[in-house]
2 protein chains.
Amino acid sequence: MEERLGLRERKKAQTRRRIEDAALELFARDGFDEATVEAIASAADISPRTFFYYFAAKEDVVLADYAGRLDRIIQQLAMRPPTETPWEALRASFLVVAADYETERAGLIRRFRIIAGTPSVHARSLQLQSGWEDTVTATLAERMNREPQDLIPRLLAASALAAIRSSLQNWIATESKSSLPELVNNCFTHLESGLARVS
Amino acid sequence: MEERLGLRERKKAQTRRRIEDAALELFARDGFDEATVEAIASAADISPRTFFYYFAAKEDVVLADYAGRLDRIIQQLAMRPPTETPWEALRASFLVVAADYETERAGLIRRFRIIAGTPSVHARSLQLQSGWEDTVTATLAERMNREPQDLIPRLLAASALAAIRSSLQNWIATESKSSLPELVNNCFTHLESGLARVS
DNA sequence: ACACATTCTGACACTTAGTGCAAACTTGCA
DNA sequence: TGCAAGTTTGCACTAAGTGTCAGAATGTGT
């Protein structure tokens with residue numbers, strides 16, 4: 001709505017950012033478990049109690065913005081014309097999000113390194129993904145006029161998530177021979193035409 | 001090796017079982033977070049410290065045996081003849097495991113109820129599943145003579161996991177119109193012949 | 001039956017995450 | 001200016017999980 005945020009919001013965003021930077025640096029230097037909330041708070045010049053005013057858990061510092069992506073997927077999915085098959089709609093929506101990821105590779109790798117190396121963060125990340133799956137499933141079920149517990153919408157949602165997760169993993173692991181959207185597109189094609197064909 | 005376990009092993013198994021029973025009952029009665037380790041230990045007639053000798057975390061009481069299933073999958077997968085396509089091998093292996101699940105419905109539901117209702121347990125469960133995916137991916141990669149970071153083995157593994165997870169969810173949610181192996185078989189067929197076809 | 005190694009159990013002290021509460025302080029707005 | 005709402009902090013508290021070590025129970029060999 002307003003271009004200029006109030007002083008209050010600007011300061012809040014600033015503080016949040018300061019905490020995030022301090023934490024990510026300490027995580028990289030000392031490891032996630034070793035970097036205590038107290039140390040992070042001290043580095044970010046706030047009290048430990050204030051840390052929890054911004055983040056519900058230490059894990060959330062790593063995964064914070066990560067969460068906003070779901071909204072983008074759902075939003076995209078809702079915009080697809082009803083003439084498309086469910087799978088076509090899914091594919092189009094997920095490709096948009098893949099393109100988003102593509103633009104932030106540097107920041108993401110920093111975070112993925114922590115996720116991969118820290119069980120508790122990994123667990124939380126999976127939990128978020130599971131939430132996405134639920135929401136995509138529900139959205140899909142409605143579009144298809146089926147029960148939310150129906151097998152099909154869930155399978156479609158889970159497969160789409162599997163596609164993006166596989167692509168992401170490959171994209172991070174290899175030095176990106178292909179762009180992320182290409183990889184995702186690839187996976188979707190395989191799933192679309194049937195896994196029996198895969199060598 | 002030996003049919004009769006020593007007194008030591010029998011007692012250990014017995015204690016483990018006692019802890020498990022006490023915990024599961026308290027979880028059901030008070031909720032997972034409300035049931036403290038101290039209360040569980042007291043109910044199982046052991047010291048709190050001993051609880052952690054048997055389980056690394058409270059979550060593991062719910063998910064303990066759950067872990068052994070991976071071995072079954074991998075074992076099955078290793079047994080499939082090399083003439084089968086990767087997908088055929090996956091399908092056959094996962095169907096065996098689905099049949100295993102089928103026989104323990106009652107006990108599973110008790111646990112699933114806790115998993116579904118407790119974020120931290122759910123998170124840990126997902127973490128285990130993620131470990132399975134990694135292992136299945138690696139096994140598959142070897143069978144296919146590809147790099148472990150290759151896109152394809154991961155996509156196949158993730159899809160198979162998606163199939164069993166979707167089936168399980170549906171099987172628990174509905175009052176089992178179909179058997180679990182039927183549901184899994186169904187999902188595999190969809191993935192095999194292509195999701196484009198799905199209504 | 002005896003001694004010896006291994007494994008199990010418990011007690012104690014400790015670190016850290018996370019919550020509830022209420023008081024102090026800052027900003028937005030009339 | 002002054003009041004309402006939002007932000008920051010300190011303090012006290014619960015509970016999970018770890019390290020350490022001493023002592024009890026058990027398995028094994030003689």
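Chain naming here is simple, since letters A, B, ... match the order of the sequence lines and numbering starts at 1 in each.
Note on B:Arg17 versus B:Asp21: salt bridge recorded, some NZ/NE/NH1/NH2 to OD/OE distance being below 4.0 Å.
Clustering of Ile, Leu, Val, Met, Phe, Trp and Tyr by side-chain heavy atoms under 4.5 Å joins B:Leu126 with A:Leu126.
For B:Gln14 and D:dA25, the CD to C1' distance is 14 Å, given to the nearest whole Å. Distance CG (B:Asp60) to P (D:dT18): 10 Å, rounded to an integer number of Å. Whole-Å rounding puts the B:Asp45 CG to C:dG10 C1' distance at 13 Å. In this entry the distance linking NZ of A:Lys12 with C1' of D:dG6 reads 8 Å, nearest Å. Going from atom CZ of B:Phe27 over to atom P of D:dA15 covers 14 Å, rounded to whole Å. A straight line from CZ of B:Arg10 to P of C:dC8 spans 15 Å, rounded to a whole angstrom. To the nearest angstrom, P of C:dA11 lies 17 Å from OH of B:Tyr53. Rounded to whole Å, atom P of C:dC8 lies 14 Å from atom CZ of B:Arg18.
Counting only residues at least two apart or in different chains, salt bridge (Lys or Arg N to Asp or Glu O under 4.0 Å) contacts with residues 187-199 of chain B comprise B:Arg91-B:Glu192.
Listed by chain and residue number, B:Arg72 satisfy the side-chain hydrogen bond (donor to acceptor under 3.5 Å, both in side chains) test with B:Asp100 (two or more places apart in sequence, or in another chain). Shown here are the side-chain hydrogen bond (donor to acceptor under 3.5 Å, both in side chains) partners of B:Glu182, two or more places apart in sequence or in another chain: there are none. For the salt bridge (Lys or Arg N to Asp or Glu O under 4.0 Å) test, no residue two or more places apart in sequence or in another chain qualifies with B:Glu88.
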Per-nt protein contacts along nucleotides 17-30 of chain C (heavy atom under 4.0 Å; B base, S backbone sugar-phosphate only, - none) come out as SBBBB----BBS--
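Between D:dT7 and A:Tyr54, no contact under 4.0 Å exists linking OP1 or OP2 to a side-chain N or O. A sub-4.0 Å separation between OP1 or OP2 of D:dT7 and a side-chain N or O of A:Thr50 is absent.
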